[in-house]
Amino acid sequence: TDTQQLLRGRRCILLLSWEERYTDGSKWRFLEHKGPVFAPPYEPLPDKVKFYYDGKAMKLSAPAEEVATFFAKMLEHEYTTKDIFRKNFFKDWRKEMTSEEKSKITDLNKCNFSEMSEYFKAQSEARKQMSKEEKLKIKEENEKTLQEYGFCIMDNHKERIGNFRIEPPGLFRGRGDHPKMGMLKRRIRPEDIIINCSKDSKHPKPPPGSKWKEVRHDNKVTWLVSWTENIQGSIKYIMLNPSSRIKGEKDWQKYETARRLKKCVDRIRSQYRDDWKSKEMRIRQRAVALYFIDKLALRAGNEKEEGETADTVGCCSLRVEHIKLYPKIDEQEYVVEFDFLGKDSIRYYNKIPVEKRVFKNLQLFLENKQPEDDLFDRLNTSILNKHLQELMDGLTAKVFRTYNASITLQQQLKELTCPDDSIPAKILSYNRANRAVAILCNHQRAPPKTFEKSMQTLQTKIDEKQNQLSTARKQLKSAKADHKASHDDKSKKAVEVKRKAVQRIEEQLMKLQVQATDREENKQIALGTSKLNYLDPRISVAWCKKWDVSIEKIYNKTQREKFAWAIDMAEEDYEF
DNA sequence: CCCTTAACTTAGCACGGATTTA
DNA sequence: TAAATCCGTGCTAAGTTAAGGG
């Protein structure tokens, strides 16, 4: 299979582990690639598609028109009705207008983009209606681009590149309540691009008539291409695909660090419990924060610049307004209620009892503070990580998330897997173990738009199957009666046929029921993130081997490529 | 030490092709 | 065969962390 093929190439390299590979911090010796694929140039609208200002048709200059089309394409979305979005958009749009346009177009509310919007809708409809041949042609062209730009040579291997296309221009849409939503994300030109490759490689050529910003040869980093984005001023990179050696080794290393934490986590826990009693406030805060990070799998929580991003927090940046303390509630003592927006503005809500000492400390931290004050005013991620580094080499806040996620999966798999279960039932157990981790890490998703409906159709199927089953059972019964009466070969065969049918239908029914349970439990939970980023894949591989579940049931093709190192490495007795 | 920035990981969602169902 | 649904994939935003400079 493809996975095995990949492995044969990989095995020898993996055996030379990351530790012994390069001691000088260099990431590669040779790197050759073709550079990025740029966004297609803007194609002006046909003349018949009109933009109206204040009810009157108006022909826009190409730059202004392009930005207008970005807005028109988003018209269906709720956020084009938001004040901040509209304000930011309009401000940036005006920058692209000619002075004449600028003097005319002064109010976004008087702009009518609906013809543009209709035009794009029709276009996407037409794309769907394309003939097989046309679609095939496009597919082939994409494949050609992939073959040409989608791979590079790193050291002695041809590797897949992750994102070889430059992000096209458009309107920035941050997550949550982002102050910059609607701003214009400008087009990236070759002059914005820094190329990284080895000196002795064939350098990528800039498009005719253009130049790269810079070509450098830095083998201390893994990226091939970078540019600076204009919304936050941050750098974007083109890097290798997760299946690449360089990413795989890093991933492996991450899980090895988490396993080292496993060995000393008891010591660290007893230390932070001691620190709850420290006479120094900063140490108490550090210890309580670490307890949250460990127990609740919270993120570190860097400070963020106000007005630059959505207002979200992690552990160290929690504010007074994000927690409530209940000395006693619902039969439980010392309950803390968390309610805040975390990464991607996903809400974290949890109400949990904590140890008395933690509770008392929290009360102390809250004294004389306003809701918008920091809960841990003597702590930040840098202080915390420096402390962690002293406790264990390579230990940082996020290692706790990896460790707790992986150890939870392993534990849950042990607890939930029943040896006698059928394969679908075992997979349900696996998904439930995965789900426990996703809940711990607060990996949520919006319930699919068609969730209720799809549950209903599944239920209908189950009902039908149940009817089928009772019919089949009746038929089996009467076949048995026939056989009893006649004792001939023909009726004996009929009994067997009916028995088989009942068995088959029972299996189908069970599968459907398992599917329904799985889907229902998964309504608002996203399993993918933990599977891809937090769970040591060797745990899953070992589980599959142990219970004779084929790996394809757990990992799809992409995931198998990413985790090739683990599939190759882990035996059924692997322990995280 | 504090602040900034570079580099890299982690994150949810939209989209569209594949698969299933009517 | 078309419509409905599922599922993988690409996209790119949003985190974490280490390092460097004043």
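Chain naming here is simple, since letters A, B, ... match the order of the sequence lines and numbering starts at 1 in each. No hydrogens, no waters, no symmetry mates; every other heavy atom, side chains included, goes into these values. Just so you know, these numbers come straight off a predicted model, no measurement behind them.
- Closest to the A/R299 side chain, of the nucleotides C/dT17, C/dT16, B/dG16, is C/dT16.
- Phosphate contact (OP1/OP2 of B/dG17, side-chain N/O of A/R127, threshold under 4.0 Å): absent.
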Quiz item: Could you walk me through whether A/Y149 and A/F164 pass the ring pair (Phe, Tyr, Trp, His ring centres under 6.0 Å) check?
Solution: CA-CA 7 Å; A/Y149 292 93; A/F164 55 88; 7.2 Å; no
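- The side chain of A/R165 lies closest to C/dC11, out of C/dC11, B/dG12, B/dC8.
- In terms of phosphate contacts, A/H77 brings no side-chain nitrogen or oxygen within less than 4.0 Å of OP1 or OP2 of B/dA14.
- The CD atom of A/Q253 sits 13 Å away from the C1' atom of B/dT9 (whole-angstrom rounding).
- Where A/K139 and A/S530 meet DNA chain B, the nucleotide closest to each residue was compared, and A/S530 sits on the side nearer the 5' end.
- Residue A/A310 is classed as having no contact, given no heavy-atom separation below 4.0 Å to the nucleic acid.
- Atom P of nucleotide B/dC15 and atom CD of A/E125 are separated by 14 Å, given to the nearest angstrom.
- Atom pair A/E561:CD and C/dG10:P shows a separation of 10 Å (rounding to whole Å applied).
- Among the heavy atoms of the strands lying under 4.0 Å from A/G301 are primed sugar atoms or P, OP1, OP2 only; no base atom is included.
- Between A/K27 and B/dC8 there is a side-chain polar atom (N or O) within less than 4.0 angstrom of OP1 or OP2.
- When heavy atoms are screened at a 4.0 angstrom cut-off, A/L532 is found touching no nucleic acid atom at all.
- Distance from the side chain of A/N302 is smallest to C/dT17 among C/dG15, C/dA14, C/dT17.
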Quiz prompt | Test log, rule ring pair (Phe, Tyr, Trp, His ring centres under 6.0 Å), inputs A/F338 and A/F292 | solution = CA-CA 11 Å; A/F338 293 84; A/F292 286 162; 5.0 Å; yes
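- Note on A/T309: nothing from the nucleic acid sits closer than 4.0 angstrom, heavy atoms only.
- Regarding contacts with the backbone of B/dG12, a side-chain N or O of A/T529 is found under 4.0 angstrom from either OP1 or OP2.
- Taking 4.0 angstrom as the limit, A/H443 places a side-chain polar atom (N or O) nearer than this to OP1 or OP2 of B/dA11.
- Contact of A/K398 with B/dT10 (side chain to base): no donor-acceptor pair of N or O atoms is detected under 3.5 Å.
- Within the structure, a side-chain polar atom (N or O) of A/T222 is placed less than 4.0 Å from OP1 or OP2 of B/dC8.
- Taking the side chain of A/K343 as heavy atoms from C-beta on, and the options C/dT17, B/dT10, B/dA7, the nearest nucleotide is B/dT10.
- Ranking C/dA14, C/dG8, C/dA18 by closeness to the A/N556 side chain, first place goes to C/dG8.
- Using a 4.0 Å heavy-atom criterion, one finds that A/K128 contacts no nucleic acid atom at all.
- Of the candidates B/dC8, C/dG8, C/dT16, the closest approach to any side-chain atom of A/A300 belongs to C/dT16.
- A distance-only check finds no donor-acceptor pair linking the side chain of A/R282 to the backbone of A/R378 [under 3.5 Å].
- Heavy-atom neighbours of A/E43 CD from other residues, nucleotides or ligands within 6.0 Å: at or below the threshold of 12.
- Note on A/K304: a side-chain N or O is less than 4.0 Å away from OP1 or OP2 of C/dG15.
- Atom pair A/F164:CZ and C/dG10:C1' shows a separation of 10 Å (rounding to whole Å applied).
- Between C/dA14 and A/S234, no contact under 4.0 Å exists linking OP1 or OP2 to a side-chain N or O.
- For A/Q123, the CD atom is densely surrounded, since the number of other residues' heavy atoms within 6.0 Å is greater than 12.
- Counting only heavy atoms from C-beta on, A/V221 has its side chain closest to B/dC8 among C/dG15, B/dC8, B/dT10.
- Contacts of A/G314 with the nucleic acid, taken as non-hydrogen atoms under 4.0 Å apart, are absent.
- The side chain of A/N385 places an N or O atom within less than 4.0 Å of a non-bridging phosphate oxygen (OP1 or OP2) of C/dT17.
- Between A/K254 and B/dT10, a side-chain N or O to OP1/OP2 separation shorter than 4.0 Å is present.
- To the nearest angstrom, P of B/dG12 lies 11 Å from CD1 of A/I525.
- Among the nucleotides B/dA7, B/dT9, C/dT12, the one closest to the side chain of A/R175 is C/dT12.
- Electrostatic pairing of A/E76 and A/K121 counts as a salt bridge here, judged by a charged N lying under 4.0 Å from a carboxylate O.
- Atoms CG (A/L527) and P (C/dG8) sit 12 Å apart, rounded to a whole Å.
- Taking the side chain as every heavy atom from C-beta outward, A/W212 and A/I194 never approach each other to under 4.5 Å.
- Separating the CD atom of A/E305 from the P atom of B/dC3 is a distance of 11 Å, rounded to the nearest angstrom.
- Comparing A/G233 and A/K135 along DNA chain B, the residue whose closest nucleotide (by nearest heavy atom) sits nearer the 5' end is A/G233.
- Picking from B/dT10, C/dT12, B/dA7 the nucleotide with the shortest atom distance to the side chain of A/N533 gives B/dT10.
- Contact annotation: A/Y237 does not reach the phosphate of C/dT12 (side-chain N/O to OP1 or OP2, under 4.0 Å).
- Both A/Q232 and A/Q559 lie close to DNA chain C; mapped to their nearest nucleotides by heavy-atom distance, the more 5′-ward contact belongs to A/Q559.
- Considering only heavy atoms from C-beta on, A/N442 stays 4.5 Å or farther from A/Y349 through its side chain.
- Residue contacts shown for A/P242 are absent, as no nucleic acid heavy atom lies under 4.0 Å away.
- Within the structure, every side-chain polar atom (N or O) of A/R347 is placed at least 4.0 Å from both OP1 and OP2 of B/dG12.
- Heavy atoms of A/K180 sit nowhere under 4.0 angstrom from any nucleic acid atom.
- Regarding contacts with the backbone of B/dC8, every side-chain N or O of A/K236 stays at 4.0 angstrom or more from both OP1 and OP2.
- Rounded to an integer number of Å, the gap from A/Q129 CD to B/dG16 P is 13 Å.
- A/K128 places a side-chain heavy atom less than 4.5 Å from the side chain of A/E125.
- Taking 4.0 angstrom as the limit, A/T558 places none of its side-chain polar atoms (N or O) nearer than this to OP1 or OP2 of C/dG8.
- Heavy atoms of A/K247 sit under 4.0 angstrom from primed sugar atoms or phosphate atoms, though from no base atom.
- If A/L395 and A/E229 are placed on DNA chain C by their nearest nucleotide, the residue sitting closer to the 5' end is A/E229.
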